[in-house]
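All chains are named by letter (A, B, ...) in the order of the sequence lines, taking the proteins before the strands, and each is independently numbered beginning at 1.
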Amino acid sequence: MRHMESYQLTFAQALHTALQGKLSLQHITNLLETPRRKELGDAAFPCFTLAKELKISPVDIAQELAEAISHPAFEKVEAHGPYVNVFFHRLSFSAEVLSRILREGEHYGDHDAGNGATVTIDLSSPNIAKPFSMGHLRSTVIGASLSHLAEKNGYVPIRINYLGDWGTQFGKLITAYLHWGDEDRVRKQPIIELLALYVMFHEKAQTNPALNDEARLWFKKLEDGDEQALQLWKWFRDESIQSFQKTYDLLSISFHSYNGEAFYNDKIAGVVNQLRAKGLLTLSDGAEVVSLEEHGLPPCLIVKRDGASTYAVRDLAAAIDRYKTYHFKKSLYVVGPEQSLHFQQVMLVLEKMGYTWAKEMIHIPFGFILKEGKKMSTRKGKIILLEEVIAEAISLARQTIELKNPTLPNKEVVAKQIGVGSLIFHDLKNDRLGNVEFSLQTMLAFEGDTALYLQYTHARACSLLRKVTSAPSTSGLCDDHSFSIVKHLSLFPVIVQNSFSHYEPSQLAKYAIQLAHLFNAYYSAVRILTEDSERDNRLALVKSVTIVLKESLRLLGVQAPEEL
RNA sequence: GUCCCAGUAGCUCAGCAGGAUAGAGCAUACGCCUUCUAAGCGUACGGUCGGGGGUUCGAAUCCCUCCUGGGACGCCA
């Protein structure tokens with residue numbers, strides 16, 4: 001990992017000179033690492049590769065290099081076995097880092113890699129007439145964080161909520177409603193009632209397969225513009241969107257577009273015609289498909305046997321439309337891993353159609369939320385409602401506030417920030433692809449690696465700053481605790497870049513946890529407000545920590561109250 | 001059957017473009033508030049890095065193979 005770049009570079013150059021061109025500067029830079037333990041130094045150069053080339057013991061090489069290097073930026077250069085370790089000049093390094101953070105404020109870590117190019121992000125994308133489940137939370141929260149990170153890296157993010165508002169599921173829902181539905185009950189509790197109908201359909205279809213045919217028929221009618229079908233569809237859709245909006249408000253997430261599958265309905269025929277004109281369609285079992293045999297993949301189903309469209313065509317139409325509308329540089333799809341094959345197929349079909357930008361489409365899958373080790377399934381009604389979990393989280397946060405700080409102003413606002421933040425952070429702190437076992441207990445925990453830990457640390461630091469009026473000073477600090485924090489703060493810009501380039505908000509989450517941990521250790525070891533000559537330098541450190549912590553949380557989609 | 005993802009401490013997970021003694025949190029035990037928010041800090045306990053091969057100075061990390069869990073594999077999305 002490349003840390004503390006300017007100092008690393010200085011070190012690399014010094015090595016380059018000392019080695020008299022035996023290794024290129026680039027090669028040296030790539031070899032540099034950070035010692036496992038800080039007592040060993042701030043940067044290290046392992047001599048193994050050099051030893052191999054020169055056929056000299058790496059220990060001897062390290063010894064020789066350490067003696068040859070000396071630079072005002074380094075306090076000490078020493079050989080430690082086969083490594084050359086350097087210690088940065090703490091005072092100047094910390095002065096440099098802290099003054100930069102104070103100068104740049106929330107813009108510290110901004111990066112212009114994107115150069116103003118557009119990135120579309122397909123996120124959340126719940127299915128209409130189904131409740132907003134825990135699974136949708138992952139897409140929403142990961143997508144929102146990637147959107148913030150994209151912006152921080154100089155891109156212009158476009159958040160698209162590709163609503164699942166079309167498809168055979170509506171045939172099923174209409175069928176179920178006409179058989180067993182009750183208008184008043186649906187009006188009273190739309191989401192719950194519609195889900196019940198959906199579940200009932202699947203139960204009854206087990207013993208009565210004719211229902212499936214009926215559902216297909218209703219969807220076909222919907223596509224053909226049947227009035228009754230359309231009316232029901234619109235009703236179901238409106239009710240659902242209203243319900244989703246409440247959740248988005250709680251999560252503070254907004255979208256640039258809600259164009260869902262239905263929006264592309266009238267563009268499907270054009271895509272099918274285009275495929276046909278290019279000779280890409282072949283008939284198979286009465287359905288029309290695009291063969292992907294040359295890629296070793298199963299064919300992509302385009303038109304069903306009954307003439308109805310498939311979700312693949314809708315994704316094709318949507319991708320084409322998005323490119324026309326936004327001219328994206330990248331197009332991200334934050335969608336579950338079960339659709340990996342589907343996206344591979346869609347991208348390859350687009351390429352076969354001649355759209356070179358299909359290469360810029362990136363599927364960003366994530367692990368499942370499991371219940372007792374199994375994927376949760378809507379069809380069996382095994383579902384946990386996000387709204388209930390959020391309400392539970394906020395209520396727990398409220399209780400904790402009453403316990404810890406009953407005189408806090410804005411208790412209700414803060415309870416919301418803590419409760420919602422803890423859910424978001426729980427979802428983002430682990431590797432995207434890892435599965436998450438659903439557990440209210442861990443999800444709503446307020447100890448350890450949680451949003452609250454970060455929020456608490458931030459509030460604590462803010463509290464210190466509130467108590468003084470003098471301006472922070474940045475002539476530097478050199479004790480162990482301070483310097484560990486400074487080094488960590490200096491990594492932030494790199495973390496911002498890596499989190500986005502790997503599409504992995506968890507890297508940032510881990511970074512923030514570590515920062516909070518270092519700060520809390522410092523807090524308990526050093527009396528920050530003691531009035532001595534160093535106080536204003538300590539305050540500069542505290543201020544810098546609040547800036548980076550708050551910005552980290554913002555990029556994750558979590559709020560950082562100044563007091564709690 | 002084929003393909004994809006995962007397997008690291010009792011539990012949840014970091015680490016994985018190979019590098020120095022494998023790290024956190026939870027749980028357990030014990031310390032630390034007359035002083036800046038104890039929602040915190042510290043110490044202890046805890047490991048055949050799923051098994052087995054291989055590549056090399058060096059493997060949790062790369063390659064092969066097997067085992068286990070999950071997912072996908074045309075008319076759901």
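- A distance of about 15 Å separates the P atoms of B:A24 and B:G15, rounded to the whole Å.
- As a whole-Å value, the separation of A:Arg37 CZ from B:G23 P is 9 Å.
- With a 4.5 Å cut-off on side-chain heavy atoms, A:Gln507 and A:Tyr511 do not count as touching.
- Computed from coordinates, the A:Leu518 CG to B:A24 P distance equals 12 Å when rounded to whole Å.
- Distance CG (A:Leu292) to P (B:C3): 18 Å, rounded to an integer number of Å.
- Salt-bridge formation is not detected for the pair A:Asp532/A:Arg527: no Lys NZ or Arg NE/NH1/NH2 atom is positioned less than 4.0 Å from an Asp or Glu carboxylate oxygen.
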Step-by-step side chain to side chain donor-acceptor pair (under 3.5 Å) determination, A:Asn259 to A:Arg322: CA-CA 10 Å; A:Asn259 287 348; A:Arg322 282 178 195 178; over 6 Å; no

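- As rounded to whole Å, 17 Å separates atom P of B:G74 from atom CG of A:Asp306.
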From CA spacing to verdict: side chain to side chain donor-acceptor pair (under 3.5 Å), A:Asp479, A:Tyr522: CA-CA 10 Å; A:Asp479 65 290; A:Tyr522 175 67; 5.5 Å; no

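- Taking the P atom of each, B:C75 and B:A6 are spaced 27 Å apart, rounded to whole Å.
- Atom C1' of B:A60 sits at a distance of 31 Å from the matching atom of B:C41, rounded to the whole Å.
- Within 4.0 Å (heavy atoms only), A:Asn212 reaches no atom of the nucleic acid at all.
- Residue A:Arg36 places no side-chain atom within donor-acceptor reach of the base of B:U21, judged by atom type and a 3.5 Å distance cut-off alone.
- The partner of B:A59 is absent, by the rule that a Watson-Crick or G-U pair needs both atom distances under 3.5 Å.
- Closest to the A:Tyr311 side chain, of the nucleotides B:A77, B:C57, B:C75, is B:A77.
- In this model, the phosphate group of B:C76 is approached by a side-chain N or O of A:Arg216 to a distance below 4.0 Å at OP1 or OP2.
- When the side-chain nitrogen and oxygen atoms of A:Lys304 are compared with OP1 and OP2 of B:A77, one or more of them lie within a distance under 4.0 Å.
- For A:Phe343 and B:A77, the CZ to C1' distance is 10 Å, given to the nearest whole Å.
- When the P atom of B:G74 is taken as reference, atom NE2 of A:His342 falls 14 Å away, rounded to whole Å.
- Aromatic ring centroids of A:His342 and A:Tyr311 lie under 6.0 Å apart.
- In this structure, the NE2 atom of A:His295 is 18 Å from the P atom of B:C3, given to the nearest Å.
- Taking atom C1' in both B:C26 and B:G46, one finds a spacing of 13 Å when rounded to whole Å.
- Within the shown strands, nothing qualifies as a pairing partner of B:C75 under the Watson-Crick or G-U definition with both distances less than 3.5 Å.
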So if I define the base as every atom that isn't primed, P, OP1 or OP2, how would nucleotides 10-15 of chain B read as a B/S/- string at a heavy-atom cutoff under 4.0 Å? ---SS-

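- Counting all heavy atoms, side chain and backbone alike, A:Ala51 lies closest to A:Ile56 at CB-O, 3.1 Å.
- The pairing partner recorded for B:A14 is none, the criterion being a Watson-Crick or G-U wobble arrangement whose two distances lie under 3.5 angstrom.
- Counting all heavy atoms, side chain and backbone alike, A:Leu163 lies closest to A:Arg237 at CD1-NH2, 3.9 Å.
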Mark up nucleotides 34-47 of chain B, 5' to 3', with B wherever a protein heavy atom is under 4.0 angstrom from a base atom, S wherever such an atom reaches only the sugar-phosphate, and - elsewhere. -BBBSBSSS-----

For A:Lys487 and A:Asp42: C-alpha separation, side-chain torsions, deciding distance, then whether salt bridge (charged side-chain N to carboxylate O under 4.0 Å, His left out) applies. CA-CA 9 Å; A:Lys487 279 199 287 185; A:Asp42 302 314; 2.7 Å; yes

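- With both ends at atom C1', the span from B:C5 to B:G58 equals 29 Å, rounded to whole Å.
- A pairwise comparison of heavy atoms in A:Ala509 and A:Phe425 identifies CB-CE1, 3.7 Å as the closest pair.
- Between A:Val313 and A:Leu275 there is no side-chain heavy-atom pair separated by less than 4.5 Å.
- When the P atom is used for both B:U43 and B:C64, the distance is 42 Å, rounded to whole Å.
- Between the P atom of B:A77 and the CZ atom of A:Phe132 lies a distance of 20 Å, rounded to the nearest Å.
- Between the side chain of A:Ser463 and the backbone N or O of A:Ala459, no donor-acceptor pair lies under 3.5 Å.
- Between B:G10 and B:U56, the two P atoms lie 34 Å apart (nearest whole Å).
- One P atom belongs to B:C63, the other to B:A44, and the distance between them is 37 Å to the nearest Å.
- A 3.5 Å limit on both hydrogen-bonding distances identifies B:A6 as the Watson-Crick or G-U partner of B:U68.
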Does A:Tyr162 form a side chain to side chain donor-acceptor pair (under 3.5 Å) with A:Asp315? I'd like the steps, not just the answer. CA-CA 10 Å; A:Tyr162 184 60; A:Asp315 270 358; 3.1 Å; yes

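- No hydrogens or angles were tested; on distance alone, a donor-acceptor pair under 3.5 Å links the side chain of A:Ser284 to the base of B:G74.
- In this structure B:A17 sits in the syn conformation; its chi angle is within 90° of 0.
- Annotated as syn: B:C33, whose O4'-C1'-N torsion sits within 90° of 0.
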